[in-house]
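Notes for the one structure printed next.
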Amino acid sequence: QVQLVESGGGLVQTGGSLRLSCAVSGRAFSSYTMGWFRQAPGKEREFVTGIGRSGGNGYYVDSVRGRFTISRDNAKNTVYLQMNSLKPEDTAVYYCAAALTLSWTIIPTSKSEYNFWGQGTQVTVSS
């Protein structure tokens, strides 16, 4: 059984920063490509960023590129999302997700390609 537990959400003012963490237990962490999704009220859950099994540069959607940074520590079974220069439109529940993939570099962007999900953590950016 694979479990993902997010932490680090909260309330921040526009321009502020938050760092989300996602701890993964169960099967070998390095077997998973990791992603962060978010869901704002009344909207579909959307892909934000992902990182390959061995780490390295992540892939980002345009709206967060240059402001968010994804990283992973395979020794700690944890993936991180550093969010800087936050905007009110970043307000959402953020979900960590794991995709069991053969590729070390390809990053899925579709929800259906992710096998396991965390419970979500609320991020609220006030204007």
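In this structure, the side chain to side chain contact (heavy atoms under 4.5 Å, CB included) partners of Val125, at least two apart in sequence or on a different chain, are Val12, Thr14, Leu86, Pro88, Asp90, Thr91, Val123. Partners of Ser127 under the side-chain hydrogen bond (donor to acceptor under 3.5 Å, both in side chains) rule, at least two apart in sequence or in another chain, do not exist in this structure. For Thr101, the side-chain hydrogen bond (donor to acceptor under 3.5 Å, both in side chains) test picks out Thr33, with sequence neighbours left out. Judged as a side chain to side chain contact (heavy atoms under 4.5 Å, CB included), and not counting sequence neighbours, the contacts of Ser71 are Tyr80. In this view, Ala97 and Phe37, Tyr114, Trp117 satisfy the side chain to side chain contact (heavy atoms under 4.5 Å, CB included) rule, not counting sequence neighbours. Taking Arg45 as the reference, nothing meets the salt bridge (charged side-chain N to carboxylate O under 4.0 Å, His left out) condition, with sequence neighbours excluded. Residues satisfying the side chain to side chain contact (heavy atoms under 4.5 Å, CB included) test with Thr105, not counting sequence neighbours, are Ser103.
Sorted pairs that involve residues 41-93 and meet disulfide (SG to SG under 2.5 Å), not counting sequence neighbours, are lacking altogether. Each disulfide (SG to SG under 2.5 Å) pair with one or both residues in residues 48-88, not counting sequence neighbours, would appear here, but there are none. Among residues at least two apart or in separate chains, disulfide (SG to SG under 2.5 Å) pairs with a member in residues 6-112 are Cys22-Cys96. Residue pairs that meet the salt bridge (charged side-chain N to carboxylate O under 4.0 Å, His left out) test with at least one member in residues 49-58, sequence neighbours left out, do not exist here. Within the structure, disulfide (SG to SG under 2.5 Å) contacts touching residues 25-78 (residues at least two apart or in different chains) do not occur.
Environment of CD1 in Ile106: sparse, with no more than 12 heavy atoms of neighbouring residues, nucleotides or ligands closer than 6.0 Å. Annotation: Glu44, atom CD; neighbour count of heavy atoms from other residues, nucleotides and ligands within 6.0 Å does not exceed 12. Around atom CG of Asn115, more than 12 heavy atoms belonging to other residues, nucleotides or ligands sit under 6.0 Å away.
Side chain of Thr121 to main chain of Gly9: a donor-acceptor pair is present (N/O by atom type, distance under 3.5 Å, no hydrogens or angles). A distance-only check finds no donor-acceptor pair linking the side chain of Ser30 to the backbone of Ala28 [under 3.5 Å]. Glu6 places a side-chain N or O within donor-acceptor distance of the main-chain N or O of Gly120, the cut-off being under 3.5 Å.
Both Val24 and Leu100 are assigned to one and the same hydrophobic cluster, defined by single-linkage of ILVMFWY side chains at heavy-atom distances under 4.5 Å. The hydrophobic clustering, which links ILVMFWY residues whose side-chain heavy atoms are closer than 4.5 Å, places Val5 and Val93 apart.
At least one side-chain heavy atom of Arg38 sits less than 4.5 Å from a side-chain heavy atom of Glu46.
Between the OH atom of Tyr60 and the CG atom of Leu81 there is a distance of 8.0 Å, given to the nearest 0.5 Å. Atom CD in Gln3 sits 4.5 Å away from atom OG in Ser25 (nearest 0.5 Å). Rounding to the nearest 0.5 angstrom, the gap separating the CG atom in Asn57 from the OG1 atom in Thr49 is 10.5 Å. Atom CE of residue Met34 and atom CG of residue Asn77 lie 9.5 Å apart, to the nearest 0.5 angstrom. The distance from the OG atom of Ser63 to the NZ atom of Lys87 is 8.0 Å, given to the nearest 0.5 Å. For the atom pair Gln119 CD and Leu4 CG, the distance stands at 9.0 Å (nearest 0.5 Å).
At a cut-off of 3.5 Å, with distance as the only test, a side-chain donor of Asn84 or Ser17 sits close to an acceptor on the other residue.
The cationic group of Arg72 lies under 6.0 Å from the six-membered ring centre of Phe29 and within 45° of the ring axis, placing it in a cation-pi geometry.
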